[in-house]
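Working notes, beginning with the structure itself.
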Amino acid sequence: MNEGSASGHAAAKVNLRLRVFGRERDGYHSLETLFLRTSLCDEVRVEPGPPGVSLELHGDVDGVPGGPENLCWKAALGFAAAAGIPPAATVHLKKRIPPGAGLGGGSADAATVLRLLNRLHGDPVEDAELLKLAGDLGSDVPFALTGAAAALAWGRGQRLLAVPAPPARPGLLLVPEAPVSTVEAYGWLDEDRSAGRTLPDVEALRWRPEDLADWERLAELAHNDFEPPVLRRRPEIAAWKDRLEGTGPQLARLTGSGSALFAVFRDAGARDAAAGSLHDPAAAEGARLYPVEIPAPAD
Ligand code: C5P
């Protein structure tokens, strides 16, 4: 690490449970979700200066914006405004988490930028303010900022409760070739609901604390309101979900608004066998497979 720079990991998340409610007046939907952190990470290094913001991308950069539309850039600007200093930061980002997959990679990168910049400047921005900045950047940023392995979230994702992490299990992320636009997926969900094709699941989420330690129970609670609207319009993702379920995981779900699916297995042998059987079709169809731990330990 260079003198005066700070670095950290930015972890991909999955939503073990995701329920989406109505669109609020600010244009965002309120939601209820259980986030789990995974071991798939980007690497972020932040250096102070020169004036302005610059971003250097490395690794799997396909589809990752390299300019002001990148959330890291927005995070650096937001931090400077909150700290009352002129923006002066260089962000080096080594990407592994695919964008447009519902894995919250861009959000995790932005959260890491906020955390590192605050540390580099001697923590001028208080935690509550940093969390607010994170919430303004996007729904997945506050969870990433907490560094927790598992958390329940409500509202736009900014009302958070870190919860005891379930025991880590071998998992698989399957990322189909074509991304899903989050904005479009929310539109599909609204369209289906107003056409009466799907109704929100209004059953209250009833957790007992011991549920979080029990993958049998977590498999029952696993749910994603985006699955019907997204899988209906993207049959190749539906087909991948069938194939993933066919490998015998404890659960397989879409994460966020997709396109990625995740599966949790009882042991590494079952996960490796699943990865082996999916390897050739994935390679043929441009899908990517990532063996991971779910959840990965907290920061
Ligand atoms: O949070 P994120 O930046 O990923 O959101 C992208 C878009 O998805 C938002 O601009 C909004 O249109 C939609 N969205 C929403 N409700 C949320 C989160 C996102 O309608 N809770």
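Atoms within each ligand, like the ligands themselves, are counted from 1 in listed order.
- For the side chain to side chain donor-acceptor pair (under 3.5 Å) criterion with Asp225, the lone passing option out of Arg193, His29, Arg17 is Arg193.
- Phe226 pairs by the ring pair (Phe, Tyr, Trp, His ring centres under 6.0 Å) definition with Tyr186, not counting sequence neighbours.
- Protein residues having a heavy atom under 4.0 Å from any atom of ligand 1 are Gly27, Tyr28, His29, Leu31, Gly138, Ser139, Thr182, Val183, Tyr186, listed by chain and number.
- Residues Leu254 and Phe265 share a hydrophobic cluster, clusters being chains of Ile/Leu/Val/Met/Phe/Trp/Tyr side chains in contact below 4.5 Å.
- Qualifying ring pair (Phe, Tyr, Trp, His ring centres under 6.0 Å) partners for Phe262, counting only residues two or more places apart in sequence or in other chains: none.
- In terms of the ring pair (Phe, Tyr, Trp, His ring centres under 6.0 Å) criterion, His279 has no residue partners (sequence neighbours excluded).
- With hydrogens and angles ignored, the 3.5 Å screen pairs a side-chain donor or acceptor of Asp42 with a backbone N or O of Arg96.
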